[in-house]
Structure formats: structure tokens, C-alpha cells
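Order of appearance sets the numbers: ligands from 1, and atoms from 1 within every ligand. Values in this document were obtained by computation on a predicted structure and should not be read as measured data.
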Amino acid sequence: MQFDTRLLHGRAIQRFANREILPPISQVSAYRYGSMEEFEKVFAHKSMGYAYTRIGNPTVSAFEQRINELEGGIGAVCCSSGMSAIMASIFAICESGDEIVASSGLYGGTIDLFRDLEKFGIHTVFSHEPDEEEIRSLITRRTRLIFGELISNPSLKVMDVQKVSKAAHENNIPLFVDSTTATPYIANPLSLGADVVIHSTSKYINGGGNSIGGIIVDGGKFPWDFDKYKVLSGFKKCKNMALLVRLRTDIWENLGGCMAPMNAFFSYIGLDTLSLRMERICKNAEALAKALDGIEGIEVNYLTLKDHPYHSFVESELRGYGGGILSFRAGSRERAFKIINNLKYACIASNIGDVRTLVIHPASTIYIHSDEETREAAGVYDDTVRVSVGIEDQNDLVSDFLEAIEGSK
Ligand SMILES: *Cc1c(COP(=O)(O)O)cnc(C)c1O
């Protein structure tokens, strides 16, 4: 089965009780049982069943299982947001005194979260490039996690997952990859060597810009050293499932960041058209990048452009696609604002992965609280415009940008 077919007819597509084609929305907080004996078995994990939506919900499970299949995991846990997924995945293995090695150019919220974690005794060091050598040089005996994004946004640096995972594994450390900007349509980090893949489903997976959500998918191959990962030591019996069980029955459940059933339903429907949307989005993004490339005073950043420093990864890791995000530098903040304001179709919004083209000036919004060093490491300059390309007509989209740029002189 090819990806586009697996998306709609894979193993993970469940049969529902009343033959519904889509998962019924189990919009309840709790489930009712006929006897205490029956209910006790559910709590003791001796029989399958739902008890309380924070702990498990059938609509959410239906969505989890599909993403898990598309990423090739052994199980997945949905969260209330991408940030919640990142936090739960870190708390599942790290404790006070531990260190994280993270690649630079991460999502602004993730950088802020790592800063918050300092107060909990979890220290993060950042590499400048998502490459093996630099990451390897930052590993200490306290490092418990390597964290990176497959395609960083808007800097568009691509992590060499094959090499970085090798460096991580040689040190008995897992690699967690946030693959939000790539989506399973473009890449499967687990098959490249990552141990856990995380998505903000709010973006391309949902696709319609209608619900916040996140997911953690466990590849199930990392050989946990239970003396080193003490927070997992109670889950020794679970072996390669230890991380998933720790999440499901412990930290994720207790943090309380579950996905709402309605959001799972919306994202489930969104996922149905992932292939179609990504195909169109990537085509549009490439056409727009090519159209802007070479315009005087405009410096375009898009992965499939021939001179892009990460161009070679398009074939080796990204199935030939450049993704839906491009950015360009306009020469000055004033001109960047002018271009954005001139656009007819692109919505000014702080999101990515919508069917509509979205545009933003990151320095004055998402990165407004970051210092200059952090911003520039993330590829955000005073004149950077980020575009999350949508599925509009290619020619309309290109003309809109060309006219907006022409009118900004
Ligand atoms: C948006 C985003 C997040 C955070 O996800 P939310 O659903 O907004 O919490 C994390 N990582 C990346 C790469 C993102 O784009």
C-alpha cells in the first residue's frame, strides 16, 4: 500500500460500533459501567475499556492510531497541543539535574519551554547547526536527550537524522524529533533513526486551522538503561514499551494535557486529505520560491532552490519535497511590513499549515521576546517575512506576491 492509500485504508482505520465511516465523537468526560467488578478490571488494566477522557477516549484513540501507523511507531499519545506533547515527552524521561542537547532554530515556543525547564533543574544546550559533529561535541555525562526539528522554521535547516541518531545512540541517548513542518507525507524520522517523533497536529495534520493538538509517537526501539533513566525505572517490565507506558499510565495522564475529543475528530477529518494538501502546498511553495528568487532586494529561503545549503536533504530525507514554508528577506523591516500589508490573499496570522496562505513578520511577533542572538540563530532577521503556503491557485498566489513586492518599492 502506498502512503496515499495507507492514509485512508491502513491497518489503523478502525471499524466502529454502528458502522460509522468516521469515528463517533465521544464527547463525554466519563464512562459508565454495569458493575464494580467490571470497572475494577479496567482500572487494573485487566480488561480494555475507557474510564475518563483525560486518561483515554475512543475518538482520540482512533486519531492516535492513524498517526502512529503513518509514522511507523509502536504507539502514540495525543496531547492538548504541540507544546504539551513536547513537555510530556521530556518529563517522561528527564528529571532535575539532566541535560538536553537541542538544535538551534527551534520553534519559538519550544525555546521558551526549554528556558522554563531551567527552573526545574533541566538544562538545555543549543547547537548552531543540526549536524552530528556539533551535537556530539555538546554531549556530557548528564545528557539524557537530543532534541531537534526535522525542518526548522523559518530558518529551514534540516537535521541529518541518520547521523545525529547515530551519535545519540553511541552515547545511549535517544533522539526526539519534532517533525511538524515535514509531516509524515514528507518524512518518517523513525525510519531515519529517530526514537520518538512529535507533531503539533494544529498545523499540517489538521490542515484547516480549526483545532490545537499534539502527538508523541514512540518508535519503540530505544534500549532504555533503567539505571540511567531513573524516572523510567518503575517501568522496567515494559522493556521497549517503557516510555509509552510511563506516558500513558503516569506522567502524561498526570500532567492532564489530553486532546479534546472534538479536536481529535476535526484533526481526523483533516488528516484524510494530508496527501492532497501537501502535494499542492509543496508545488505552490516551490513555484513561489522560484518566482521570488532573483528579484532584486529579495533574498528567498526555500529548500528546493539549487543553492540552498540543505538542498541535498530534499532527496535524502524529504522524499523530494521542500515543504510548505518559505521565507524571504525584504531588505528592511519597513519594506517587509509594506509587502505583507499589500498582499490580497495571504492572511496575516501566527500559524502554519493552513489551507490558506498565511504570512507573518516573525521578529515583531513570534520572536518579540527573544534576544537578537536567539532570533538570528532561528533565522529571523528584522526584514524576514515568513510564508506558510496554502492551496490557492498557483498563478494567483505568485501574482499576489509579485504585485505586493512591486508595490513596496
Ligand atoms: C506550532 C509548533 C509547535 C507547538 O505546537 P502547538 O500546537 O501550537 O502547541 C511545536 N513545534 C513546531 C515545529 C511548531 O510549528
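- Residue Glu118 qualifies as enclosed at atom CD: its count of foreign heavy atoms under 6.0 Å is above 12.
- With no hydrogens or angles considered, no side-chain donor-acceptor pair links Ser332 and Asp383 at under 3.5 Å.
- With no hydrogens or angles considered, a side-chain donor-acceptor pair links Tyr185 and Tyr321 at under 3.5 Å.
- Note on ligand 1: Ser152 sits outside its first shell, no heavy atom being nearer than 4.0 Å.
- Considering backbone and side-chain atoms alike, Asp178 places an N or O below 3.5 Å from some N or O of ligand 1.
- Ligand 1 is never approached by Thr181 to a heavy-atom distance shorter than 4.0 Å.
- Every atom of ligand 1 with a heavy atom of Ser202 under 4.0 Å away is listed here by number and element: 6 (P), 7 (O).
- Side-chain contact, Tyr310 with Glu129: a donor N or O sits under 3.5 Å from an acceptor N or O.
- Applying the ring-ring contact (aromatic ring centres under 6.0 Å, His included) rule to pairs touching residues 351-403 yields Phe337-His361, sequence neighbours excluded.
- Nearest protein neighbour of atom 8 (O) of ligand 1, counting heavy atoms only, is Tyr107 OH, 4.0 Å.
- Taking atom 2 (C) of ligand 1 as the reference point, the nearest protein heavy-atom neighbour is Lys203 NZ, 2.5 Å.
- Close approach of ligand 1 to Gly213 is summarised as follows: ligand atoms under 4.0 Å from at least one heavy atom of the residue are 7 (O).
- Listed by first and then second residue, the salt bridge (Lys or Arg N to Asp or Glu O under 4.0 Å) pairs that reach into residues 333-345 are Lys344-Glu403, sequence neighbours excluded.
- Of all protein heavy atoms, the one lying nearest to atom 6 (P) of ligand 1 is Gly82 N, 3.3 Å.
- Side-chain N/O atoms of Ser61 and Tyr50 include a donor and acceptor closer than 3.5 Å.
- When heavy-atom distances to ligand 1 are checked against a 4.0 Å cut-off, Ile352 comes that close only through its side chain, counted from C-beta outward.
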